[in-house]
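By convention in this document, chain letters (A, B, ...) are assigned in the order of the sequence lines, proteins followed by strands, and residues within each chain are numbered from 1.
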2 protein chains.
Amino acid sequence: MANSASGDSMVHRLVRVIAAFDSEHPTLSGAELARRAALPSSTAYRMVDELLAESLLDRDGQRLRLGTRLWELVSRGSKVLGLREAALPFMEDVQAVVGHHTTLGVIDQQDVLYIERIGSNNSTINITRVAGRLPIHATSTGLILTAFGPTEAQETFLRRLPKLTDATVTDPDELRRMLAEMRHSGYCVMPGTIVPESTGVAVPVFSADGTAIAGLSVVIPRENGPVQPSITALRTAARGISRALGWDGTLRDAIRRSL
Amino acid sequence: MANSASGDSMVHRLVRVIAAFDSEHPTLSGAELARRAALPSSTAYRMVDELLAESLLDRDGQRLRLGTRLWELVSRGSKVLGLREAALPFMEDVQAVVGHHTTLGVIDQQDVLYIERIGSNNSTINITRVAGRLPIHATSTGLILTAFGPTEAQETFLRRLPKLTDATVTDPDELRRMLAEMRHSGYCVMPGTIVPESTGVAVPVFSADGTAIAGLSVVIPRENGPVQPSITALRTAARGISRALGWDGTLRDAIRRSL
DNA sequence: TCACATCTTCCCGATCATCGGGAAAAGGTG
DNA sequence: CACCTTTTCCCGATGATCGGGAAGATGTGA
């Protein structure tokens with residue numbers, strides 16, 4: 001009986017516990033946690049004890065919160081931290097010049113996961129949040145990373161696309177052409193599929209081994225005139241980040257990789 | 001036999017696996033992971049499969065790395081992300097005015113854990129790193145947070161101090177006086193115990209409920225003249241961060257809390 | 001103050017997922 | 001081709017984990 005019904009391994013249970021905490025629920029009581037993680041309360045309380053013992057959870061009176069030590073362990077080992085640190089100064093440059101939201105995102109599964117964002121004050125509406133996700137096809141970051149990504153990922157993307165109802169362009173051939181165009185120009189301009197009034201502009205960032213590891217993007221108001229200045233600022237910054245990551249290739253090299 | 005010798009729970013094993021990855025070892029092979037986590041290889045490989053299934057680990061050919069999804073889950077639920085986001089713009093202000101390393105740190109266990117740092121270019125030597133730790137007694141951030149922390153934490157700190165060989169001040173009474181002084185003045189100036197040539201200056205940041213949740217600090221060269229400008233910049237920024245976090249109290253309120 | 005609801009801790013026997021030795025397959029190297 | 005390391009797979013034994021349930025703690029409203 002130990003494992004009531006479905007194939008939930010210990011690890012999966014743990015993920016449910018961790019995922020029970022989010023920005024809307026930064027702290028939980030034991031009972032709340034049990035409910036949100038769909039665990040029998042006695043199991044939940046036992047797990048909480050184990051997690052507290054390892055400092056993966058912190059207890060604050062009766063409330064529980066994700067342990068700072070967990071953040072530390074994960075940050076130390078994840079590539080995200082290094083990427084963020086390399087990118088931040090250059091993102092500030094972009095933000096200063098363009099004056100709108102500047103974001104850094106990576107591909108994870110079938111989404112773009114945003115790992116950094118700056119310039120939240122008076123910019124246009126922007127729904128991206130750090131540690132937030134958006135579908136690949138809905139973002140300029142997702143498209144530019146697809147364009148510069150491995151061929152098989154491109155094909156997978158094109159195959160999945162027709163099923164997506166809200167995609168602006170659904171014709172695979174048309175998209176193939178667009179991706180080729182992005183590889184050639186080195187950027188992606190995408191009039192707001194998410195928020196109609198804003199346009200996303202993205203360029204690729206390359207890691208030391210030449211793979212397109214992240215997308216750097218700005219979100220500007222649609223009626224903001226030419227996008228060229230944004231593109232220039234982004235390309236300059238992206239080159240700087242790539243260099244900081246140890247890349248010394250050319251755009252031509254990168255294109256060759258993704259064909 | 002299932003659990004060979006010591007009391008290593010599943011959770012503890014998991015921590016070892018996660019901790020096996022760090023900035024020096026961002027990717028590991030299965031065998032490397034088994035060694036670093038001190039696990040029998042067959043156990044390690046089985047765990048890797050489980051973790052891959054939950055995307056807590058990503059596989060890149062034969063190499064393994066901490067999954068981006070893990071970073072996402074942890075970031076979403078941890079208080080660190082919110083703190084960082086609230087603080088970053090103000091930290092940039094400090095960095096712009098003072099022109100040296102600006103760091104944000106919190107207390108975890110018996111250390112200061114740094115959660116953000118900016119200004120790495122031409123500043124003085126600074127050994128702090130994001131997701132890095134330093135002992136409380138060795139940092140201005142640690143001391144100011146102790147001064148504004150709960151009384152019992154202060155006493156624990158004072159009791160533990162005599163054992164520390166490298167502490168500049170070891171007399172508990174002297175330190176008690178220093179902490180009181182910090183509460184009164186609202187800042188901590190600490191001539192480099194870590195790097196002799198640099199001085200740390202730190203002020204507290206308060207969260208919505210009035211607790212000193214983080215320390216904001218700059219590291220400046222010792223012969224840099226008066227520290228007053230740094231203090232002023234830090235206090236201004238710290239108030240801004242605290243306000244962004246929802247705090248509307250006064251320093252006097254904060255002092256009352258820690259007595 | 002008491003009754004009632006909810007949260008938290010603790011106990012315990014049954015069960016089954018986990019453990020790890022070991023063998024064999026797959027790679028890599030000289 | 002021989003040798004070594006890495007990776008995958010199998011399998012029986014075992015004890016850690018499971019969760020129901022009871023009892024204690026806490027809170028709430030009348």
inquiry  = In whole Å, I'd like the distance from the CG atom of Leu39(A) to the C1' atom of dG20(D).
reply    = 15 Å
ask   = When the distance from CG of Leu14(A) to P of dC18(D) is rounded to whole Å, what number comes out?
value = 10 Å
request  = Starting from P on dA16(D), measure out to NE2 on His12(B) and report it in whole angstrom.
outcome  = 15 Å
request  = Start with the C-alpha distance between Thr103(B) and Thr128(B), add both sets of side-chain angles, then the distance that settles side-chain hydrogen bond (donor to acceptor under 3.5 Å, both in side chains), and finish with yes or no.
outcome  = CA-CA 8 Å; Thr103(B) 66; Thr128(B) 58; 5.2 Å; no
Selected nucleotide, minimal atom distance to Arg13(B) side chain, candidates dT8(D), dC19(C), dT18(C) = dC19(C)
task = Map Glu50(B) and Glu32(A) onto DNA chain C by nearest heavy atom, then report which one ends up closer to the 5' terminus.
result = Glu32(A)
key: For atom CE of Met47(B) and atom C1' of dT8(D), their distance in whole Å   = 17 Å
remark   = Against the side chain of Arg46(A), the closest entry in dT8(D), dT18(C), dG19(D) is dG19(D)
Arg133(A) and Gln110(A) side chains, donor-acceptor separation under 3.5 Å = no
message = What is the separation between atom CG on Leu57(B) and atom C1' on dT7(D), rounded to the nearest whole Å?
response = 16 Å
ask   = Between dC9(D), dC18(D), dT8(C), which nucleotide gets closest to the side-chain atoms of Ser42(B)?
value = dC9(D)
message = Counting only side-chain heavy atoms from C-beta out, which of dG21(C), dT18(C), dT6(D) sits nearest to Pro40(B)?
response = dG21(C)
inquiry  = Could you walk me through whether Tyr114(A) and Val106(A) satisfy the side chain to side chain contact (heavy atoms under 4.5 Å, CB included) test, starting with their C-alpha distance in whole Å, then the side-chain angles of each, then the deciding distance to 0.1 Å, before giving a yes or no?
reply    = CA-CA 6 Å; Tyr114(A) 290 92; Val106(A) 299; over 6 Å; no
remark   = Of dT6(D), dC7(C), dC19(C), the nucleotide closest to the side chain of Ala31(A) is dC7(C)
ask   = Gln62(B) has an atom CD; how far is it from atom C1' of dA25(C), in whole Å?
value = 13 Å
message = How many whole angstroms separate atom CG of Leu33(B) from atom C1' of dT5(D)?
response = 16 Å
ask   = On DNA chain C, nearest-nucleotide positions of Gly30(A) versus Val11(A): which is more 5'?
value = Gly30(A)
ask   = What does Ser29(A) touch in the nucleic acid at a heavy-atom separation under 4.0 angstrom: a base, only the sugar-phosphate, or nothing?
value = sugar-phosphate
task = Measure the distance from CG on Asp49(A) to C1' on dA16(D) and round it to the nearest whole Å.
result = 15 Å
query = Of all the nucleotides listed (dT7(D), dT17(D), dT9(C)), which has the minimum atom distance to the side chain of Tyr45(A)?
reply = dT9(C)
inquiry  = Starting the side chain at C-beta, find the nucleotide from dG19(D), dT8(D), dG20(C) nearest to Thr43(B).
reply    = dG20(C)
ask   = Do Trp71(B) and Ile115(A) have side chains that get closer than 4.5 Å, going by heavy atoms?
value = yes
query = Has the side chain of Arg65(B) got a donor or acceptor atom that lies under 3.5 Å from a matching backbone atom of Thr27(B)?
reply = no
ask   = Which nucleotide, dT6(D), dT8(C), dT18(C), lies nearest any side-chain atom of Arg35(B)?
value = dT6(D)
